[in-house]
K.L.:
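Got a structure for you, written out below as structure tokens; questions coming shortly.
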Amino acid sequence: MKPKQIPERAAEGELENVYHDIKQTLRVSGINLIFRIWAGQKNFLPELWRSFRPNAETRAFEEMADRLRADSVRAAAAVGRLQAAESAPLGDSQAFQLDAALDLYHYINPKLLLMASAAVMALEGQAIGRGADGAGVERIERGIPARMYPMEMVSEKPDDKALRDLFEDIKQTLSLQSINSDYRTLALWPTYLFVLWSRLAPFVKRPEYERATRVLREASREYVRALPFTFQMQSSRIEESLDNVFETSRNFERLLPALILNISLAQADRHSLERCLASPFPAASRSLEPVEVLV
Amino acid sequence: MNFRAFQAMQRVAVIGARFISYVDQGAGEPLILLHGMPVWGYVWSGLLPRLSGECRVLVPDLPGYGYSDKSDRFDRSLASQAAMIRSWMSQLGIERASFVGHGIGGGVALRLATLSPRFVKRLCLLSPVCYDSWPQETFWELGRGDANKRYSSSDVMVLLKQQLREAFACSPGDEMLENLLAPYGTGVGKLSLIRNISALDTNMTTEITALLPRITAPTLIIWGEDDQRQDVKYGERLAMDIPRARLTRVKNARHYAMLDSGAKVAEHVLEFMKG
């Protein structure tokens, strides 16, 4: 059965504030699929976020995401080159915006995998975090980066039949119950997405691709164990069945490495290795000093 | 021309943390076409071949509109739009240009002509917002604080299509309406339009009313004779207040005269550019 999602626009009350806080803390311009689905599970997301948030705002978490991103870029280099860019010519403005959209997902997806791993491990009863007491733990700045592309997406069920069929093909090939936000954003440039997918689909079954996704999943778990603060959830606060939240979280942990890798492959197709390895939105430390703001 | 073909022609200029998408065609004297609400640069696509044969035509999507920056973090007032256009011109190395401004694009052009006159060589106003002629009641609902939650993207598209149909003298087909509204069909596009609407402020044109007599640029005012959105009386008033202005009415045209009678509008503009 397809899991229930709560879109950003439909969020009310506590969930609305949780969504806002996620965007500000994780520095992302929209609410990804994983959060929308977790939000559809009774009271799970507020409890997960309440427990995870202290880690989410730390420099350590940011750097773990940076390392996971770099791991993915190196893995993508080993998997191969898509050569989609030259087959899907775009105008200047289209290319600029496509690059901005890829940067958005290249930035946020590693954080999502880390959270999924943390959720699974916590639900498995594993110990997560080093138990820091707060003093001396560096925190990063809050807020959506000034130049981050808005998380613009086409409908999950677009009017265009060819696009609808493409989404179905992506879902079937990647064993998704719902189409990820990333593909819905890339569908803003449908010619590009069609070409990208035609190049990507054959990669997905290759042994080196599967190996790369496994390595990313293992790396995510390793990093999460070293989070600064202890992370545990109070199951008594979760109204949804623990089996359901566990299955959902485990599904995301299983599927996100492929998404991260796919975005890395798309990035590598368009940019130098050095650019792909670097964080698209480096985070300054949190400061109470007044700063010049770029608007 | 389909909207995707127009979109593929767009270049991009990064201005601070924002960006403007724009078409740049032709050669010679620069002519900047500023669209209105709730459309985008595509509204000028029918005139582009004719105009770009005689001059360098630049068609920006105003910030918050079309395929320019639609992030939810900047001021969309006419004052801010005018400032962005100035910065964009400077970045392109254009010191001075002729302008054709429609609707709120006309309001932007008026602010440039009154407050930044060195940027404006000639001024052509096509049913511009001016004095207290705006905003239309049509848009008030969408400017409410809770509009994003109240209205889905498809709700907004239905409303906008209905409003647009009424603003044409000809009967635009569904494809034309979809092309004109394409950027606003997503959640982000819808929210951007809502933010644009919430920034509609009569003060942006009333505060420059006293400065209209100081406009030195030659001015042509074009008005669809049957425009029900912006009454032609405002065009008559502009022609009285702006020293070197004349008003010309376009028959069988409403608010979107560039679409109802594109050839005629292009002819007026080119004649004005040569004058």
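Owing to the predicted nature of the structure, the values given are computational and were not obtained by experimental measurement. Labels below follow one simple rule: chain letters A, B, ... track the order of the sequence lines, proteins then strands, and each chain is numbered from 1.
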K.L.:
Hey, which of B:Asp75, B:Val12, B:Leu191 has the most heavy atom pairs under 4.5 Å with chain A?
P.N.:
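Heavy-atom pairs under 4.5 Å are most numerous for B:Val12.
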K.L.:
When rounded to the nearest 0.5 angstrom, what distance separates CG in B:Asp72 from OG in A:Ser29?
P.N.:
10.5 Å
K.L.:
In terms of heavy-atom contacts, does CG of A:Asp159 have more than 12 from other residues, nucleotides or ligands at under 6.0 Å?
P.N.:
no
K.L.:
Would you compute the distance between atom CD of B:Gln7 and atom CG of A:Leu188 and round it to the nearest 0.5 angstrom?
P.N.:
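CG of A:Leu188 is found 8.5 Å from CD of B:Gln7.
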K.L.:
Work out which heavy atom in A:Glu152 is nearest to a heavy atom in B:Thr186; give both atom names and the distance.
P.N.:
OE2-OG1, 2.6 Å
K.L.:
For B:Ser152, which atoms come within 4.5 Å of any heavy atom of chain A: side chain, backbone, both, or neither?
P.N.:
both
K.L.:
Report, as yes or no, whether the 6.0 Å neighbourhood of atom NZ on A:Lys42 holds more than 12 heavy atoms from other residues, nucleotides or ligands.
P.N.:
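For A:Lys42, atom NZ is not crowded (no more than 12 foreign heavy atoms under 6.0 Å).
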K.L.:
Report the option among A:Ala95, A:Gly91, A:Ala100, A:Ser155 that has the most heavy-atom pairs separated by less than 4.5 Å from atoms of chain B.
P.N.:
A:Gly91
K.L.:
Surrounding CD of B:Glu95 (heavy atoms of other residues, nucleotides or ligands, distance under 6.0 Å), is the total greater than 12?
P.N.:
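Not buried by this count: 12 neighbours or fewer within 6.0 Å.
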K.L.:
Can you give me the closest heavy-atom contact between B:Lys149 and A:Glu8, atom names plus distance?
P.N.:
NZ-O, 4.3 Å
K.L.:
Against chain A, label B:Tyr22 side chain, backbone, both or neither, depending on which of its atoms sit under 4.5 Å from a heavy atom there.
P.N.:
neither
K.L.:
Kindly check if the number of other-residue, nucleotide or ligand heavy atoms within 6.0 Å of CD (A:Gln83) is above 12?
P.N.:
yes
K.L.:
So which residue, A:Pro150, A:Ala11, A:Pro89, ends up with the most heavy-atom pairs under 4.5 Å with chain B?
P.N.:
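Heavy-atom pairs under 4.5 Å are most numerous for A:Pro150.
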K.L.:
Can you find a pair of side-chain heavy atoms, one from A:Gln97 and one from B:Phe19, that are under 4.5 Å apart?
P.N.:
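A:Gln97 vs B:Phe19: side chains touch.
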K.L.:
Report which part of A:Pro7 has an atom under 4.5 Å of a heavy atom belonging to chain B: side chain, backbone, both, or neither.
P.N.:
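Nothing of A:Pro7, per the 4.5 Å heavy-atom cut-off to chain B.
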K.L.:
Can you establish whether the number of heavy atoms outside A:Glu86 located under 6.0 Å from its atom CD is more than 12?
P.N.:
yes
K.L.:
Using a cut-off of under 4.5 Å for heavy-atom pairs, which of A:Met148, A:Glu16, A:Glu12 has the most such pairs with chain B?
P.N.:
A:Glu16
K.L.:
So, does B:Arg73 use its side chain to make a donor-acceptor pair with the main chain of A:Ile144 at under 3.5 Å?
P.N.:
yes
K.L.:
Need one label for B:Tyr151: side chain, backbone, both or neither, based on atoms under 4.5 Å from any heavy atom in chain A.
P.N.:
backbone
K.L.:
Is any side-chain heavy atom of A:Pro190 closer than 4.5 Å to one of B:Arg4?
P.N.:
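Yes, at least one pair of side-chain atoms sits under 4.5 Å.
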K.L.:
In terms of heavy-atom proximity below 4.5 Å to chain A, should B:Pro63 be classed as side chain, backbone, both, or neither?
P.N.:
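Neither the backbone nor the side chain of B:Pro63 comes within 4.5 Å of chain A.
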K.L.:
Taking all non-hydrogen atoms of both residues, which atom of B:Asn148 and which atom of A:Arg9 are closest, and how far apart?
P.N.:
O-NE, 2.7 Å
